[in-house]
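Note: hydrogens, waters and symmetry copies are ignored here, and every other heavy atom, side chains too, is used. In what follows, every chain begins at residue 1, and chains take the letters A, B, ... in the order their sequences are listed.
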There are 2 protein chains.
Amino acid sequence: MATPDRPGFALPLLLLAGFRTLVDDLHAELARQGHPELRPAHGFVLQAVGPAGTTASDLGQRLGVSKQAAGKTVDRLVALGYLERVDDPADARRKLVRMTEKGRDGLRRSAAVFDQLRDRWTATLGADRVAAIEDDLRRMVPADVFRLDVPGWFGG
Amino acid sequence: MATPDRPGFALPLLLLAGFRTLVDDLHAELARQGHPELRPAHGFVLQAVGPAGTTASDLGQRLGVSKQAAGKTVDRLVALGYLERVDDPADARRKLVRMTEKGRDGLRRSAAVFDQLRDRWTATLGADRVAAIEDDLRRMVPADVFRLDVPGWFGG
DNA sequence: CTATTCCGTCAACCACGTTGACTATCGTAC
DNA sequence: GTACGATAGTCAACGTGGTTGACGGAATAG
């Protein structure tokens with residue numbers, strides 16, 4: 001089991017390791033650029049909030065977690081200064097969750113650093129190999145694995 | 001940022017999605033085969049315990065977490081019947097952590113299901129593409145991302 | 001006007017991780 | 001032989017990221 005002739009764990013382990021490598025590198029660089037408190041999960045949350053803002057319930061749906069979990073995550077990001085809550089004038093039940101300037105800065109830097117990291121992969125593997133990995137993964141990943149498909153944010 | 005012409009988040013997101021796809025499929029199948037309580041993290045722990053058994057401190061080192069965290073994880077897996085603790089006759093401080101027959105069964109089935117899933121990827125993408133993904137990832141992942149390299153268990 | 005649905009929140013709980021402190025034991029140096 | 005430092009396991013407190021259930025207030029469908 002999981003010996004060289006029976007491939008076993010290699011593929012999933014490598015996918016996870018590849019992801020972790022990218023994310024570890026990202027956060028090391030983000031810490032250097034003034035965002036040491038940004039954790040891996042926060043990036044997805046900021047992406048899901050988006051430039052237009054959203055509500056906690058909607059955020060939960062986009063991230064595939066309960067509205068309560070989304071609310072607690074927003075609490076933490078508000079405490080860290082990345083998000084703010086404002087009352088919705090049109091609906092007194094709702095509280096809009098919006099990015100602060102610090103949030104926008106973190107997201108901008110994340111995207112820039114990810115681009116650099118992808119460039120590093122391209123330099124080592126070649127553009128066609130990186131594109132092939134992305135193509136192949138796209139073919140194997142069912143659409144609903146990421147309920148988080150904010151249009152225009154993931155290049156897909 | 002992260003628009004189609006600036007690749008941004010696509011690669012890391014796809015790596016994570018690929019991993020999640022495989023792991024979700026694995027656990028759906030494991031649940032069907034009598035292991036509904038096995039969670040993603042447990043597979044790594046059982047791998048790290050290995051056929052020979054180990055101690056909580058050593059386990060923590062292999063998994064890259066504190067000995068306390070490893071101990072708590074062992075507690076849960078003991079409660080679920082996958083691991084057992086036995087006193088080390090040679091050293092009264094130590095408590096050997098060993099797999100039960102249920103643990104061995106879960107690990108065997110995990111490896112078998114992963115093999116099947118890899119076959120499914122091979123059927124869709126072709127053997128050379130899957131091998132290319134694994135090759136490329138191996139080249140990009142630093143050796144220390146997985147402190148968990150039990151010889152003979154990961155085919156690498 | 002009323003019934004229902006929706007939004008945010010509170011509370012309790014679980015999984016998984018951290019640090020710090022503590023006991024018991026082992027190995028060694030004296 | 002004993003004293004001492006290193007090691008193994010555990011306990012407590014805490015943080016983060018999730019869950020479910022319950023609840024009050026606001027919007028909306030009838």
For [X], answer base if it contacts any base atom (sugar-phosphate contacts may also be present), sugar-phosphate if it contacts only those atoms, and nothing otherwise; contact means non-hydrogen atoms under 4.0 Å.
| X | result |
| --- | --- |
| B/Arg76 | base |
| A/Ser57 | sugar-phosphate |
| A/Ala56 | sugar-phosphate |
| A/Ala92 | sugar-phosphate |
| B/Thr55 | sugar-phosphate |

Donor-acceptor pair, [X] side chain versus [Y] backbone, under 3.5 Å?
| X | Y | answer |
| --- | --- | --- |
| A/Thr55 | A/Leu96 | no |
| A/Thr100 | A/Tyr82 | yes |
| A/Thr124 | A/Arg120 | yes |
| B/His27 | B/Asp24 | no |

First encountered from the 5' end of DNA chain C, between B/Pro40 and A/Asp75: A/Asp75
Length of the CG-P vector between B/Leu59 and C/dG17, whole Å: 10 Å
Side-chain N or O of B/His42 closer than 4.0 Å to phosphate OP1/OP2 of C/dA15: no
